[in-house]
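Heads up: the structure comes next, in structure tokens.
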Protein chains: 2
Amino acid sequence: MNKGDLVEVVASSLNETKAQASRTVDAVLEGIAKGVLSDGKVTITGFGSFEKKKRAARTGVNPHTKEPIQIAASTTVGFKPSQALKNSVQGES
Amino acid sequence: MNKGDLVEVVASSLNETKAQASRTVDAVLEGIAKGVLSDGKVTITGFGSFEKKKRAARTGVNPHTKEPIQIAASTTVGFKPSQALKNSVQGES
DNA sequence: CTTCGACCAGATCACCCTTGTTCATTCTTG
DNA sequence: CAAGAATGAACAAGGGTGATCTGGTCGAAG
């Protein structure tokens, strides 16, 4: 599923055009991104929470050369599904 | 940051009321959830991708009794930030 | 058309995950 | 707006899983 499909679903849900839905989706995602960047955490009841996570540096391996390399600490964005969402995915195949 | 704040941001971005933005956010999130449930994966260019991940069964420990327990395989929803989003969080503190 | 993401290899260790209760926060309804 | 209801976060501890590193290419998506 890609962005276009999501836009269609949103358009259908909100009864608006795809163009409108496209901006809508973009606005929401941008809002979430902004929230994660500024507050470091975005909690949405009934859905889940996005959190800016720091990954500690560690020793990795270059798959090409099999040579051990030092991986610097990095920051990523994690998503923790709420119990409701977890319950939803559990039943699906 | 909670859902209300996100609603405010979206409302501001789309120039609509908070009530409208609330439904908007809900629709988008529900759409994403639906996509993950049906397709198992939702890729959004420039933001990231949600994926339904299966966690294999393993042996855990009951934190209270320290007793080893068998944990059944479960399904969760993972989020992989796109390079752009990663780049964004890298620069933020 | 151009860019963005997926893929895959192998190996390592950081981080997630379990339980269960309590509290705080948030959402909803009157 | 206020109060009640519901959901999530935190904590503890340890083992094992999976995320992730590189990087070039292909396919798809915008």
Side-chain angles (χ1 to χ4, degrees), chain A residues 1-8 11 18-19 21-23 25-26 29-30 35 39-90, chain B residues 1-8 18-19 21-23 25-26 29 35 39-90:
Chain A
M1 185 194 194
N2 49 35
K3 198 175 187 177
D5 292 323
L6 176 61
V7 167
E8 283 188 38
K18 291 182 186 175
S22 182
R23 286 187 306 173
V25 171
D26 194 45
L29 294 178
E30 194 173 349
D39 265 24
K41 193 175 190 179
V42 176
T43 304
I44 302 172
T45 306
F47 185 74
S49 56
F50 293 87
E51 192 172 359
K52 185 167 53 174
K53 293 178 184 173
K54 291 182 174 63
R55 294 191 64 79
R58 72 179 192 86
T59 305
V61 176
N62 190 325
H64 290 285
T65 62
K66 293 185 183 179
E67 194 173 341
I69 56 175
Q70 189 64 17
I71 303 173
S74 62
T75 306
T76 186
V77 177
F79 172 70
K80 185 162 83 88
S82 122
Q83 192 59 33
L85 190 57
K86 259 190 200 167
N87 184 28
S88 298
V89 293
Q90 294 296 348
Chain B
M1 186 194 195
N2 50 34
K3 197 176 187 176
D5 291 323
L6 176 60
V7 167
E8 283 187 39
K18 290 183 186 175
S22 183
R23 287 187 307 176
V25 171
D26 195 45
L29 294 177
D39 265 23
K41 193 174 189 176
V42 176
T43 303
I44 302 171
T45 306
F47 185 74
S49 56
F50 293 87
E51 191 171 0
K52 183 167 54 176
K53 293 178 183 174
K54 290 183 176 58
R55 293 189 66 79
R58 68 179 190 87
T59 306
V61 178
N62 190 325
H64 289 284
T65 63
K66 293 184 182 177
E67 194 173 342
I69 57 176
Q70 189 64 17
I71 304 173
S74 62
T75 306
T76 187
V77 177
F79 172 72
K80 186 162 81 90
S82 123
Q83 192 59 34
L85 190 56
K86 258 191 201 169
N87 183 29
S88 297
V89 294
Q90 295 294 350

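All values below come from the heavy atoms of this structure, side chains included, with hydrogens, waters and symmetry mates left out. Below, read A as the first sequence line, B as the second, and so on, with proteins coming before strands; counting in each chain starts at 1.
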With the side chain counted from C-beta on, respond yes when [X] and [Y] share a heavy-atom pair under 4.5 Å apart, and no when they do not.
X	Y	value
Lys52(B)	Val89(A)	yes
Lys53(B)	Thr75(B)	no
Ser82(A)	Thr45(A)	no

Could you measure the distance from the [atom1] atom of [X] to the [atom2] atom of [Y]? Nearest 0.5 Å is fine.
X	Y	atom1	atom2	value
Ser49(B)	Phe79(A)	OG	CZ	12.5 Å
Ser22(A)	Glu8(A)	OG	CD	11.0 Å
Leu85(A)	Leu29(B)	CG	CG	10.0 Å
Met1(A)	Thr43(B)	CE	OG1	10.0 Å
Lys80(A)	Lys86(A)	NZ	NZ	6.5 Å
Ile69(B)	Arg58(B)	CD1	CZ	9.0 Å

- Query: Mapping Arg55(A) and Ala84(A) to their closest nucleotides on DNA chain D, which lands nearer the 5' end?
  - Reply: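 The residue closer to the strand's 5' end, by nearest nucleotide, is Ala84(A).
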
- Task: Please figure out whether Ile71(A) or Thr43(A) has its closest DNA chain D nucleotide nearer the 5' end.
- Result: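 Mapping each residue to its closest nucleotide by heavy atoms, the 5'-most match is Thr43(A).
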
- Message: Please confirm whether the shortest side-chain N or O distance from Ser49(A) to OP1 or OP2 of dA9(D) is below 4.0 Å.
- Response: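 Yes, within the criterion.
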
- Item | N/O (side chain, Lys53(A)) to phosphate O (OP1/OP2, dA19(D)) under 4.0 Å |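 For dA19(D), OP1/OP2 do not have a side-chain N/O of Lys53(A) under 4.0 Å.
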
- Aromatic rings Phe50(B) and Phe50(A): how do their planes relate, parallel, tilted or perpendicular, breaks at 30° and 60°?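 Perpendicular.
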
Rounded off to whole Å, could you give me the [atom1]-to-[atom2] distance for the [X] and [N] pair?
X	N	atom1	atom2	answer
Lys86(B)	dC4(C)	NZ	P	15 Å
Phe79(B)	dC16(C)	CZ	P	15 Å
Lys80(B)	dC21(D)	NZ	P	9 Å
Phe47(A)	dA9(D)	CZ	P	13 Å
Asp39(A)	dT25(C)	CG	P	14 Å
Leu6(B)	dT26(C)	CG	C1'	14 Å
Glu67(A)	dT12(C)	CD	P	14 Å
Glu8(B)	dT26(C)	CD	P	12 Å

- Query: With respect to the side chain of Lys3(B), which nucleotide from dC27(C), dG8(D), dC21(D) is positioned closest?
  - Reply: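 For the Lys3(B) side chain, the nearest candidate turns out to be dC27(C).
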
- Message: By nearest heavy atom, map Ala56(A) and Gly46(B) onto DNA chain C; which one lands nearer the 5' end?
- Response: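 It is Gly46(B) whose nearest nucleotide is closer to the 5' end.
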
Tabulated below should be each protein N or O lying under 3.5 Å from an N or O of nucleotides 10-15 of chain D; please produce it.
residue : atom : partner  : partner atom : Å
dG15(D) : N2   : Arg58(B) : NH2          : 3.0

- Message: Any base atoms under 4.0 Å from Gly4(A), or only sugar-phosphate, or nothing? Heavy atoms, all strands.
- Response: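 Sugar-phosphate, backbone atoms only, no base.
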
- Which is true for Ser82(A) with a 4.0 Å heavy-atom rule: it touches a base, it touches only sugar-phosphate, or it touches nothing?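 Counting heavy atoms under 4.0 Å across all strands, the contact made by Ser82(A) is with sugar-phosphate only.
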
- Kindly calculate the angle separating the two end axes of the helix from dC1(C)-dG30(D) to dG30(C)-dC1(D), each obtained from five base pairs, and round it to 10 degrees.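 That helix gives 160° between its end axes.
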
